[in-house]
Amino acid sequence: MRTELKNPTRRRIVIKAGSHVLSDHGQFAHPVVEGLADGMVRLIRQGNDVVFVASGAVIAGKIFTGMDRALYPDHIKRPLAAIGQAALITECGHIFGRLDQPVGQILVGRDDFHHRERYLEIKNTLRALFRMNILPILNENDSVATEDSSFGDNDNLAAQLAGMLDADLLVLLSTVDGLYDGNPGHPGSRVIPLVNGITEGHLSEARYKGEHLASGGMPAKLAAIDKASHFGVPVILANGRASRVLARIFQGDDVGTYFQPRTNPLRQRKRWLAYSTHVKGSLVVDDGTCAALTRGRASLLSSGIVEVREHFGVRDVISIVSQSGEEIARGLTNYDWNTLQQIAGLNSAQLQARQWSEKIDEVVHRDNMVVLPAATGV
Ligand code: GLU
């Protein structure tokens, strides 16, 4: 029994339901949404801050217009999302309204997470809604998202939000019962109740099994869970259609799979740097610099830079990449690409000889750098 989840109060909980949880055979799944709404309202009344990430705009658009999913080309997806999002939030408004729970809608794009001010504004708006006792319902703004500017899936969006809010729990509700120890379709397979750190083994097994859900499938889900766990947020993956699923989770029952968070989570600003930013270019560094950055508390100096890639400006986010091509860190650069091309590989004596020394400090200061978890093997 997961006693730490029992009767939570004053916790911050992000709950995400997938498109196929909220719809069933081309129809809006009213009883499922009503059950989830009841669970969320109970949590709010117990004093918790709850965020609901509701997928299904595109499917709702299809239901509303009667279009067959297989028939619509990609450019129809955006207008379908526009139609469906209105239908989705209207349904949610009615269902939560019957429980006397007002809701507010926030539609976000990946770019909103790249810009520090916009990122902080989303956070402020969510906090204000919590204070006003309004349940925020979020989705990606699918009607304007492009292929390269989209989150891809709402698991990723929900993980970002959980990190942004320092959530106490992220609940991902899907149409599977959890992470299985074998092929979910096989009778001998069992749901793993507890996972302490997602490994490459979990990921490659999910990829091999080709499990696919609404978008992205299990590999994308595991990537989102891994991200949340680097933010220090525990995650439960459970079946959103199961009866009283939220009530059972918060009674401490062994529902779905519980993913323990990392014990050394990234701090807030570093979370933003690691996962929410738009990388403008990269610096390839030598092996000694890689080792110093991943093991120590070193800043990046010009002497370790082997190559400057892409055009970027001062204070842009850049990737720091090893010579074998692995991205080891990200950070805010103190110099633009042009300056760095001239000083790459030069140590302080060489900089001095070329009369650069007065101007050049750390290229990326340690405080403005995050070493990516994969690089340290944590
Ligand atoms: N944002 C998409 C929608 O509402 C769903 C993405 C997902 O299924 O994760 O239609």
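Read the numbers this way: they start at 1 and go in the same order the structure lists the ligands and their atoms.
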Using distance alone, decide if ligand 1 has a nitrogen or oxygen within less than 3.5 Å of any nitrogen or oxygen in Ala54.
no
Centroid separation Phe113 to Tyr275 less than 6.0 Å:
no
Report yes or no: does a heavy atom of Gly18 sit under 4.0 Å from some atom of ligand 1?
no
Ligand 1-proximal atoms of Asn139, by part, heavy-atom distance under 4.0 Å
side chain
Could I get the full list of salt bridge (charged side-chain N to carboxylate O under 4.0 Å, His left out) partners for Glu34, not counting sequence neighbours?
Arg98
Any Lys/Arg nitrogen of Glu4 or Lys6 sitting under 4.0 Å from an Asp/Glu carboxylate oxygen of the other?
no
Show the atoms of ligand 1 that are less than 4.0 angstrom away from any heavy atom in Asp153.
9 (O)
Which ligand 1 atoms, with their elements, are less than 4.0 angstrom from a heavy-atom of Asp142?
1 (N), 2 (C), 3 (C), 4 (O), 10 (O)
Does any N or O of ligand 1 fall below 3.5 Å from an N or O anywhere on Val58, backbone included?
yes
Any heavy atom of Gly56 sitting closer than 4.0 Å to ligand 1?
yes
Under the salt bridge (charged side-chain N to carboxylate O under 4.0 Å, His left out) test, residues paired with Arg366 that sit two or more places apart:
none
Gln85 CD to Leu80 CG distance, which is reported to the nearest 0.5 Å:
12.5 Å
Evaluate salt bridge (charged side-chain N to carboxylate O under 4.0 Å, His left out) for Lys123 paired with Glu121, printing each intermediate quantity in order.
CA-CA 5 Å; Lys123 192 166 161 175; Glu121 274 322 311; over 6 Å; no
Asn154-ligand 1 polar pair, N/O distance under 3.5 Å
yes
